[in-house]
Amino acid sequence: MNSDPLWSIFLNAALVNNFVLAYFLGICPFLGVSGKLTTATRMGLAVTFVMVIASAAAYLIHGLLVWLNVEFLQLISYIVVIAGTVQLVEMFIRKASPALFRALGIFLPLITTNCAILGLALFQTNRGYGLLQCLVFALGAGAGFTLALVLMAGLREKLELVTVPQLAKGTAVSLMLAGILSLTFMGFAGIAV
Amino acid sequence: MGQAGTGAARNGTGPLFRTLVGLGVVCSALIAMVYDLTQPLIRQQRLEVLEEAIFSLWPQGRAMQSLRVDAAGELSRVDAAAPTDDVAHAVYDANQRLLGFAIIASGMGYQDRIALLYAYDAREEQVKGIRVLESRETPGLGDRIGYDKRFTASFATLPIPLDDDGRLMNKLAAAKPGTRSQPWEIDTISGATISSRAVVDIVNRSAARWLSVLREESEKESR
Amino acid sequence: MAHKPINIPVVTAEPVDTDVFIKGLWRQNPIFVQVLGMCPTLAVTNSAINALTMGLATLFVLVMSCGLVSLLRRVIPHHGRIAGFVLIVATFVTIADYAIQAVSLEVHKALGAFVSLIVVNCIILGRIEAFAAKNDLKPAVLDALGMGLGFAAALLVLGGVRELLGSGSIFGARLFGESFAPWVVMLLPSGGFLVLGVLVLGVAWLKTGQAEESK
């Protein structure tokens with residue numbers, strides 16, 4: 001059982017060990033999607049939403065696996081649970097709020113193969129978080145992911161206005177930007193408790 | 001075979017469901033088989049690593065017994081090969097005399113969880129040494145908690161006395177590199193302050209849980 | 001076989017075999033050119049040995065999954081194919097995970113949860129969907145081998161460069177004297193981004209050079 005206080009878990013996941021900038025989880029949408037601020041925000045929200053639900057689901061599944069003494073099926077069940085969660089969330093949103101579905105819809109299928117969700121499930125199990133700690137961890141990770149995505153989108157919008165050598169356009173310059181962004185996030189290490 | 005696939009693609013979810021469940025069962029069986037094959041090897045490896053670490057902290061140690069403590073503070077004996085982190089090990093010399101304890105403790109470091117082992121001598125009320133078992137701290141920076149001579153040396157004879165109620169008299173404290181002035185202070189490693197502080201915290205938290213129980217156990221054995 | 005699933009055009013042309021194998025190594029290198037599978041790429045490449053282990057584990061999972069999917073491609077229904085693929089990949093990843101633990105606990109500790117994260121490595125699902133699910137066993141395995149080796153080689157380069165700059169050693173063996181001041185940032189996450197950015201740039205530059213020569 002892990003005894004880390006909730007606020008420390010949240011700050012740690014959101015800033016100090018930002019999922020994107022320190023663990024490199026969810027890099028694909030970070031480099032691929034984050035061209036526009038609005039898209040980035042919506043993507044971030046969609047991921048946070050799925051994270052919280054998947055985190056709770058993974059917590060319950062882990063309990064079940066331990067109870068049945070088949071922990072070696074952890075990975076295979078997590079991935080099925082995450083895929084299932086994404087499907088359910090998609091169906092639910094489509095029924096409940098068509099407007100929200102139009103905003104988030106295209107991102108949802110992409111999230112199944114987003115490493116950030118599986119990473120979250122695996123990390124929370126490794127660290128032995130309780131249910132409440134898991135939910136806070138998921139919220140923090142989602143907030144951190146959204147923050148990184150939004151920051152990157154803002155930088156990209158500025159980048160449109162400057163001349164970048166033809167060769168470096170796209171991936172190379174994005175990676176270097178991410179490097180600098182990650183460097184600035186290291187400053188948060190001081191508040192780690 | 002081709003027909004089955006075609007049918008599933010065309011008509012509804014029944015066959016689809018059946019194929020996927022079948023695949024799931026086959027995959028699970030495969031995993032279970034590999035798990036059964038590799039598990040003895042993995043346990044063996046774990047035990048070897050653990051024994052090596054424990055006997056490097058207690059060079060005269062020849063035998064050990066793993067102990068677990070429950071919420072009420074009661075000790076019980078457990079199998080050493082059980083893969084868990086929340087145990088202490090009583091270490092005995094060649095004459096079956098209790099030398100001291102080696103306690104496993106873990107907590108968050110800078111990057112991820114750190115698990116470590118520290119030696120506790122209940123008679124002298126001292127920490128006798130420390131070994132990092134598991135860490136993913138940055139190579140060359142944070143991971144120096146595992147091999148930085150000055151840092152590990154400050155745990156070599158570290159007084160950690162308990163009062164009569166079994167509480168720590170002084171919590172261990174992390175001092176800036178080279179400013180150590182009290183016996184219970186530990187020199188942090190420059191460039192790895194967060195990892196060093198994490199180690200001190202981990203030992204403090206574990207000590208608060210374990211030391212009084214272990215001191216009692218040690219008094220019982222010596223009687 | 002009146003109505004064959006649309007998704008299975010069988011591509012078998014003998015002379016293409018070498019090309020199927022070679023393209024992953026350089027022309028379509030999964031990391032430097034396609035920029036896929038970034039999470040493990042950056043996370044575990046702070047030393048050459050970690051990078052090598054990760055590369056080999058991914059290679060194993062890629063080849064086995066692509067082979068199996070290619071064999072089962074007519075059995076797995078088109079609708080649920082992604083779910084089926086993910087199941088297969090997760091199985092091989094779990095196997096690789098236990099194999100690494102059984103061989104060396106040290107390496108397993110260094111890689112941590114990132115071995116499990118191979119499941120969501122876009123390269124694997126990408127190759128399965130784009131190639132293995134549409135081809136016979138032999139080309140599917142060759143393609144996976146090429147891509148896997150390209151991935152592993154790229155990881156090794158990245159890990160090597162970062163270890164060399166960040167701690168002045170390769171595979172733990174020190175190359176420079178005591179006076180070498182390690183460039184520690186290279187080992188930190190930001191160094192991962194920076195080195196990869198420079199390498200991607202370098203590969204793009206080399207490729208344009210080649211393209212101009214061949215004109």
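So you know, we letter chains A, B, ... as the sequences are listed, proteins then strands, and number each from 1.
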For the student: nearest non-hydrogen atoms of A:Asn126 and B:Arg113, plus distance:
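The pair with the smallest heavy-atom distance is O-CD, 3.9 Å.
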
Can you tell me if CD on B:Gln182 sees more than 12 non-hydrogen neighbours from other groups inside 6.0 Å?
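Above 12, so yes.
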
Contacts of residues 63-73 of chain A with chain B (heavy atom under 4.5 Å)
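Residues of residues 63-73 of chain A touching chain B at under 4.5 Å: A:Phe72, A:Leu73.
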
Looking only at heavy atoms and a cut-off of under 4.5 Å, which of B:Cys27, B:Gly24, B:Ala32 has the most pairs with chain A?
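Of B:Cys27, B:Gly24, B:Ala32, B:Ala32 has the most heavy-atom pairs under 4.5 Å with chain A.
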
